[in-house]
Amino acid sequence: MSSARTAGQAAPGTDAPGLVAALDIGGTKIAGGLVDPSGRLLHQVQRPTPAREDADTVLGAVHRVLDELSAHPLWGGVRSLGIGSAGPVDTSAGTVSPVNIAAWRGFPIVAEAGAHPAVRGLPVVLGGDAVAMTAAEHRYGAARPYADALCLVVSTGVGAGLVLGGSVHHGRTGNAGHLGHISVDLDGDPCPCGSRGCLEILASGTAIAARAVRDGWRPTGPDTSASAVAEAARAGDPTALASFDRAARALAAGIAATATLVEIEAAVIGGGVARAGDVLFDPLRRHLHTYAALPFAAGLTVLPAHLGTDAGLVGAAALALDELSAS
C-alpha cells in the first residue's frame, strides 16, 4: 500500500552514501522517505495513521513504512533516521504525545523505531513537525539566507520553530518556538491547551473557517474550509476578507512579539493556509507595520515557505543531517 515518488532517484543498485531515512508522523498519515544531503526526496512511501487504534497498531504502521523503505535498493547508503512527529514531543526522552493519536502518550518512538531490524545501529533523531519544517526551510528553503528566522506552519493548527544564530533552536525538550500557543488575546476564548487567546485559535485554518461562518459567510458549495474562504476572499467577499484579516492580525502580533524578543530577520510561513497567497500575506504585512514598531523589528521580511508538502520528510532528514554534522 505504498505511494512512491521517485523523482531524481538513482538507478537500482547504485551506491548512494550519505542518505538519510525520514519519517513524518501525523494524525492522518505516516510517510517515509529517503533523502540525499542536497534535500532531494528520492523515494517516498505512505500509509494511513490508525489514529484511533491502540499504541502497538500505530507502531505497526510505522514499522511497515520502514519495511518498505528498507526494501529499496538505496537503503544501503542510509546513515541515519530522522523522525518528525506531531507533538508535543520530548526529544530529551525520545518520546512523543501527539494530540491526534490518543494511544501515544509519552510513547518511546526513538527506541521503538530504532529497534526495527533495518534501523538497528543507526542514529535516530527526533523533532516536532514544525521544528522539522523549520530545519527544512533553513537548510534548503526560504529561510536559508537568514541566521535568525521564525518558520510557521499555519494549517489545522499553528506550529512554529526558530532559527537563531544560524542553527535551529530546539530548546530543552524540542518544543522551542511553539508560537501557536502564545496568547495574543488576554480576554480571548479558552484554548484546548488550557490557556486563553492562543494564536492557534485565532489564526489557524480551522479558526478562519469557523469565524467566517459565524459572521455570516455562506459557501457556494459543500466546502466550508479555509481554502473555500480564501477563494471567496479573492472574489471580494467582505466577510471572508475580514476573517483572513483577523487571522493575519493575530499572526502579525505573534511574529512581532518574537521579533522583539529574539531579533529575527524573517518569518517564513507554510502550511495549507499560506496557499491563500496575497489574501493572507497582504494584510499580514500591513499589520506588521503596526505591531513590529521598534526599529530593530520593523525591517522584518515575511516570505512564503518553499518546500510545500515535502517539508515534513525533508525536514526530518535535515534534523538528522544537522545531528550528523555536529557529531
*Asks:* What orientation do H72 and H43 show, parallel under 30°, tilted 30 to 60°, or perpendicular over 60°?
*Replies:*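 Ring orientation of H72 relative to H43: tilted.
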
*Asks:* Would you check if the side chain of T206 reaches a backbone N or O of T156 as a donor-acceptor pair within less than 3.5 Å?
*Replies:*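 Yes, T206 side chain to T156 backbone: donor-acceptor pair under 3.5 Å.
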
*Asks:* Please determine whether residues I255 and V158 belong to a single hydrophobic cluster, defined as Ile, Leu, Val, Met, Phe, Trp and Tyr linked transitively by side-chain heavy-atom distances below 4.5 Å.
*Replies:*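 Yes, same cluster.
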
*Asks:* Of V89, I109, T49, which meets side-chain contact (heavy atoms from CB on, under 4.5 Å) against I25?
*Replies:*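 When side-chain contact (heavy atoms from CB on, under 4.5 Å) is applied between I25 and each of V89, I109, T49, only I109 qualifies.
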
*Asks:* Any carboxylate oxygen within less than 4.0 angstrom of a Lys/Arg side-chain nitrogen, looking at R234 and D278?
*Replies:*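 Looking at R234 and D278, the cut-off is not met.
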
*Asks:* Taking all non-hydrogen atoms of both residues, which atom of A142 and which atom of P304 are closest, and how far apart?
*Replies:*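 Taking A142 first and P304 second, the nearest heavy atoms are CB-O, 3.5 Å.
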
*Asks:* Shortest non-hydrogen contact from S243 to I208?
*Replies:*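 Scanning both residues completely, I find the closest heavy atoms to be OG-O, 2.6 Å.
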
*Asks:* Would you confirm whether D237, through its side chain, and A240, through its main-chain N or O, come within 3.5 Å as a donor-acceptor pair?
*Replies:*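 Between the backbone of A240 and the side chain of D237 there is a qualifying donor-acceptor contact (under 3.5 Å).
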
*Asks:* Please report the shortest heavy-atom distance between D54 and A103, naming the atom on each side.
*Replies:*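 Closest approach of D54 to A103: C-CB, 3.7 Å.
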
*Asks:* Within the structure provided, determine whether L324 and R79 are in side-chain contact (heavy-atom separation under 4.5 Å).
*Replies:*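 Sidechains of R79 and L324: in contact.
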
*Asks:* Quick one: does any side-chain atom of S195 pair with a main-chain N or O of C191 as donor and acceptor, under 3.5 Å?
*Replies:*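 Flag not set: sc S195 to bb C191 has no pair under 3.5 Å.
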
*Asks:* Does atom CZ (R285) have a neighbourhood of more than 12 heavy atoms from anything else shown, all under 6.0 Å?
*Replies:*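 For R285, atom CZ is crowded (more than 12 foreign heavy atoms under 6.0 Å).
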
*Asks:* Do I30 and D24 have side chains that approach each other closer than 4.5 Å (heavy atoms only, starting at C-beta)?
*Replies:*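 The answer is no; the side chains never approach within 4.5 Å.
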
*Asks:* Assess whether atom CZ of R172 is packed by more than 12 heavy atoms of other residues, nucleotides or ligands within 6.0 Å.
*Replies:*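 Check fails, neighbour count at 12 or below.
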
*Asks:* Closest approach of R214 and D189, non-hydrogen atoms and distance?
*Replies:*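 Heavy atoms only, the tightest pair is NH1-OD2, 4.5 Å.
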
*Asks:* Given N175 and H170, is the side-chain hydrogen bond (donor to acceptor under 3.5 Å, both in side chains) satisfied, shown in steps?
*Replies:* CA-CA 6 Å; N175 294 287; H170 298 266; over 6 Å; no

*Asks:* Would a distance-only check, ignoring hydrogens and angles, find a side-chain to backbone donor-acceptor pair under 3.5 Å from D148 to G165?
*Replies:*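 Yes, the answer is positive, given that a donor and an acceptor are paired below the 3.5 Å cut-off.
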
*Asks:* Between R286 and D245, does any side-chain N to carboxylate O distance fall below 4.0 Å?
*Replies:*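 Result for this pair is yes, salt bridge flagged.
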
*Asks:* Determine yes or no for a side-chain-to-main-chain donor-acceptor pair under 3.5 angstrom, with H138 supplying the side chain and A318 the backbone.
*Replies:*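 Between the backbone of A318 and the side chain of H138 there is no qualifying donor-acceptor contact (under 3.5 Å).
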
*Asks:* Describe, in one word, how the ring planes of F107 and W104 are oriented to each other, choosing from parallel (under 30°), tilted (30 to 60°) and perpendicular (over 60°).
*Replies:*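 F107 vs W104 ring planes: parallel.
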
*Asks:* How about E265: does its CD atom have over 12 heavy atoms from other parts shown lying under 6.0 Å from it?
*Replies:*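 Result for CD/E265: enclosed.
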
*Asks:* Are L150 and L202 connected in a single hydrophobic cluster, I mean Ile/Leu/Val/Met/Phe/Trp/Tyr linked by side-chain heavy atoms less than 4.5 Å apart?
*Replies:*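 Yes.
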
*Asks:* If you look at every heavy atom in A160 and A130, which pair is closest and at what distance?
*Replies:*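 Closest approach of A160 to A130, heavy atoms only: N-CB, 3.3 Å.
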
*Asks:* Under a 3.5 Å distance rule, please check whether D36 uses its side chain to pair with a backbone N or O of R40 as donor and acceptor.
*Replies:*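 Present.
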
*Asks:* Side chain of E137, backbone of V268: donor and acceptor closer than 3.5 Å?
*Replies:*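 No, because the side chain of E137 does not come within donor-acceptor range (under 3.5 Å) of the backbone of V268.
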
*Asks:* Flag the pair D187 and R196 as a salt bridge only when some basic side-chain nitrogen lies within less than 4.0 angstrom of an acidic carboxylate oxygen.
*Replies:*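 The answer is no: the pair does not qualify as a salt bridge.
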
*Asks:* Ignoring hydrogens, what is the shortest heavy-atom contact between A274 and F281? Give both atom names and the distance.
*Replies:*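 So the two residues come closest at O-CE1, 3.6 Å.
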
*Asks:* Within a strict 4.5 Å, meaning less than it, do heavy atoms of the T260 and F296 side chains meet?
*Replies:*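 A side-chain contact exists here, since the closest heavy-atom pair is under 4.5 Å.
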
